[in-house]
Amino acid sequence: MIRLIKVLLRDGATREIPVGTRVIDILNDLGGRLKKEALAAVVNGVVVDLTYRLEEDVELRFVTFEDEEGKDVYRHSTSHILAAAVKRLYPKAKLGIGPAIKDGFYYDFDNPDSFTPEDLEKIEEEMKRIIKEDLPFERSEMAREEALAFFAERGENYKVDLIRELPEDAVISCYSCGEFVDLCAGPHLISTGKVKAIKLLSLAGAYWRGSEKNPMLQRIYGTSFPKKSLLDEYLAKLEEAKKRDHRKLGKELDLFSIQDEGPGFPFIHPNGMIIRNELENYWREEHRAAGYDEIKTPIILNRVLWEQSGHWDHYKDNMYFTKIDDLDYAVKPMNCPGSMLIYKTKMHSYRDLPIRMAELGLVHRHELSGTLHGMMRVRSFTQDDAHIFVLPSQIKDEVKKVIDLTERMYKTFGFEYHLELSTRPENSMGSDEMWEIATNALREVLEERGFPYVVNEGDGAFYGPKIDFHLTDSIGRTWQCGTVQLDFQMPEKFELFYVGEDGQKHRPAVIHRVIYGSLERFMAVLIEHFAGAFPVWLAPKQVVVIPISAKHHQYAAEVVERLKEAGIRVEADWRNEKVGYKIREAQVQKVPYMLVVGDKELEERKVSVRERKAGDLGSFSVADFLTKIQAEIKSKAR
RNA sequence: GCUCACGUAGCUCAGUAGGUAGAGCGCAUCCUUGGUAAGGAUGAGGUCACCGGUUCAAUCCCGGUCGUGAGCUCCA
């Protein structure tokens with residue numbers, strides 16, 4: 001008598017099937033689209049192979065490429081195909097690891113010779129062959145000793161490493177496709193033929209297990225999709241990202257430059273300064289309204305201060321030093337100590353708190369040369385910093401206000417964002433209790449406000465936990481910009497106090513926070529977000545007047561003059577060229593408005609308005625155009 | 001910092017199997033006065049990243065330095 005078990009499917013239906021039935025048999029029974037598209041199954045919340053045998057009553061659902069779990073299985077299986085191809089072509093290559101990642105997968109190899117881009121093409125061809133062979137992925141389990149011997153015999157010392165690190169009771173499984181066998185927890189696709197469209201993308205070095213003490217392996221990145229059209233779409237997205245690269249646009253639009261004479265120290269050109277000043281103006285407006293005072297503190301301060309703040313012990317590797325009259329000084333990597341000193345210059349009553357001190361502070365940090373990246377990752381940058389000195393009872397309320405302000409400002413630019421909470425790092429100061437209290441305070445704010453958030457264990461600042469804002473740009477990439485950090489350490493180190501209701505000295509808490517993060521990075525993100533086509537309020541050049549021929553120069557000059565008087569950033573293109581040529585130039589420079597003036601406009605005292613995206617808007621009087629553009633600037637329309 | 005690749009005119013890039021270089025765009029001058037994404041002609045512009053080595057001769061080969069890119073690690 002065969003025992004029957006119950007399977008609860010996603011639609012709520014229950015099936016009775018003989019024990020030991022494979023999930024694929026149920027799938028075949030279900031038929032329909034799912035039968036073609038299912039990649040793996042989830043049994044009681046665990047992702048398994050389609051060949052998995054059911055032994056007890058379970059909840060079962062199938063996953064396709066639409067599901068994250070499905071994508072992961074798909075890409076992970078493709079990484080095995082990559083490894084199999086590399087092993088065929090380069091038998092001496094040793095295997096590292098090969099996981100699925102966002103948008104694709106990678107596999108690390110230790111090969112005596114380094115791979116070249118030509119090798120990548122060969123490997124891709126071999127992968128296609130393996131896919132064509134439609135080799136089944138087969139799971140097998142091994143005892144620990146057996147697995148160690150198996151991989152040791154094949155010279156796979158990295159795999160041996162991995163097995164050694166597995167917990168005693170772990171099930172050690174391997175998957176094979178054809179002659180290729182890899183240590184792997186799985187699950188995998190039914191066979192290599194399931195993979196339709198593949199592309200190897202790049203080649204890079206990566207330390208074994210992410211530690212610079214270990215040997216460097218060669219990492220091959222790639223991606224795969226169940227349809228060629230999806231792969232093409234993804235590759236087009238990569239192209240689009242390349243077109244938006246702020247380093248490329250920064251050059252083309254003459255916004256900034258980075259020179260050999262100052263790696264990581266950006267030069268901001270006149271066009272870039274216009275954007276930056278607009279950002280600062282907007283920032284000051286919002287901060288004034290939110291009750292902040294603005295300060296400015298020195299860039300170079302005495303060593304003693306940095307010892308007191310803890311930076312000397314916890315941040316020295318990232319700091320620059322100098323000597324003045326034989327005394328040691330440091331260039332500030334953060335603005336907080338300066339703010340602490342200003343707080344200490346006078347007595348504060350509990351009635352004065354919260355005190356919100358904002359500073360657009362230029363900081364310098366020695367980042368590793370290999371991490372520098374345009375204006376995203378630099379060695380000197382201006383933080384839109386603020387330090388809020390609060391009574392312990394005001395902490396949560398102030399953190400909420402900071403989140404509100406951040407939300408307001410990000411909305412202006414059209415960014416969506418998500419939050420991450422970072423907890424105590426290794427090299428940090430203060431007692432566990434203090435960290436506990438601070439971390440809980442931040443967590444409570446997040447929970448009370450109902451914000452979903454991710455926790456980054458051990459990723460906080462050395463003086464306190466933090467909430468980071470990761471904003472999402474117009475093509476779905478995320479960037480860390482804003483952060484709110486709660487700090488009980490600096491007030492302690494600097495012996496800050498306020499006089500309480502009881503006439504006694506009490507310790508305030510400090511909230512460190514930035515909204516843009518750094519003006520440099522924020523500008524870079526903006527450039528990529530808008531693909532260089534800035535909203536009118538930010539556009540370095542808002543209007544170009546285009547006279548049709550020399551006859552119209554005088555009228556064009558009048559128009560320019562009127563717009564200039566109204567505060568519009570306007571220029572005319574006086575060059576001896578045809579209209580189409582001048583329009584193309586303005587279009588390429590992404591100027592929001594072009595005003596064409598010729599005989600007709602001269603006669604009617606009007607301008608023909610062309611908008612960079614919408615095209616020809618027809619003719620306007622100068623006054624009407626001014627009303628329109630000024631309204632757009634005022635509302636910061638996007 | 002580490003691995004690999006790269007560094008030629010303001011920009012984007014070609015090139016020389018070792019004999020000191022070329023295109024397009026841009027710029028200048030001239031012709032053209034033209035109505036919504038490139039009119040034509042002429043010209044200027046480079047110690048081929050820097051320093052050393054090999055060679056009769058190096059932009060090219062070799063070594064080093066600096067810088068850039070893709071990643072690793074790290075972060076606003």
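Protein chains get the first letters and strands the later ones, always in sequence-line order, with residue 1 at the start of each.
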Subject >> Verdict with reasoning, A/Lys578 to A/Glu585, per salt bridge (Lys or Arg N to Asp or Glu O under 4.0 Å) >> reply: CA-CA 11 Å; A/Lys578 292 189 176 173; A/Glu585 171 99 353; over 6 Å; no
Subject >> Integer-rounded Å distance: B/G35 C1' and A/Ile546 CD1 >> reply: 11 Å
Original post:
Testing A/Tyr516, A/Phe469, A/Trp283 for ring-ring contact (aromatic ring centres under 6.0 Å, His included) with A/Phe522, which one passes?
Top reply: A/Tyr516
**OP:** Report yes or no: is there a donor-acceptor pair, N or O only, under 3.5 Å between the side chain of A/Arg377 and the base of B/C74?
**Re:** yes
Original post:
Considering only B/G71, B/U36, B/C27, which nucleotide approaches the side chain of A/Arg575 most closely?
Top reply: B/C27
Subject >> Where protein sits on nucleotides 45-52 of chain B, one letter per nucleotide: B base, S sugar-phosphate only, - none, heavy atoms under 4.0 Å >> reply: --------
Original post:
Mind checking who B/C74 pairs with, Watson-Crick or G-U wobble, both distances under 3.5 Å?
Top reply: none
**OP:** Identify whether any heavy atom of A/Lys242 sits under 4.0 Å from a base atom; if not, whether one sits that close to sugar-phosphate; answer base, sugar-phosphate or nothing.
**Re:** nothing
Original post:
If we take the C1' atom in both B/G26 and B/U59, what is their distance in whole Å?
Top reply: 25 Å
Subject >> Side chain of A/Gln485 - closest among B/A76, B/G1, B/U36 >> reply: B/A76
Subject >> A/Ser202 side chain, from C-beta outward: closest of B/U73, B/A70, B/C2 >> reply: B/A70
Original post:
When we call it a touch if two heavy atoms are under 4.0 Å apart, what does A/Gln587 touch: a base, just sugar-phosphate, or nothing?
Top reply: base
**OP:** Return yes if a side-chain donor-acceptor contact under 3.5 Å exists between A/Tyr593 and A/Glu632, otherwise no.
**Re:** yes
Original post:
Just wondering, more than 12 heavy atoms not from A/Gln554 lying within 6.0 Å of its CD?
Top reply: no
Original post:
Given the side-chain rings of A/Tyr417 and A/His470, with only the six-membered ring counted for Trp, is the space between their centroids under 6.0 Å?
Top reply: no
Original post:
With both distances under 3.5 Å as the test, what is the Watson-Crick or G-U wobble partner of B/G45?
Top reply: none
Original post:
Given that both distances must come in under 3.5 Å, which nucleotide forms a Watson-Crick or G-U wobble pair with B/G35?
Top reply: none
Original post:
From B/C27, B/G34, B/C2, pick the nucleotide closest to the side chain of A/Tyr207?
Top reply: B/C2
**OP:** From the options B/C11, B/G39, B/U36, select the nucleotide whose nearest atom is closest to the side chain of A/Lys251.
**Re:** B/C11
Original post:
Counting side-chain heavy atoms from C-beta on, which of B/G35, B/C75, B/G71 comes nearest to A/Glu367?
Top reply: B/C75
**OP:** Answer yes or no as to whether B/A76 has its base stacked against A/Phe381, where stacking requires a ring-centre separation under 5.5 angstrom and planes under 30 degrees apart.
**Re:** yes
**OP:** Can you tell me, in whole Å, how much space there is between the P of B/U47 and that of B/C6?
**Re:** 24 Å
Original post:
Which value, rounded to the nearest 0.5 Å, describes the distance between A/Phe389 atom CZ and A/Glu398 atom CD?
Top reply: 12.0 Å
Original post:
Nearest nucleotide by nearest heavy atom, which residue falls closer to the 5' end of RNA chain B, A/Asp599 or A/Gln259?
Top reply: A/Asp599
**OP:** Calculate, to the nearest 0.5 Å, the distance between atoms OH and NZ belonging to A/Tyr90 and A/Lys122 respectively.
**Re:** 4.0 Å
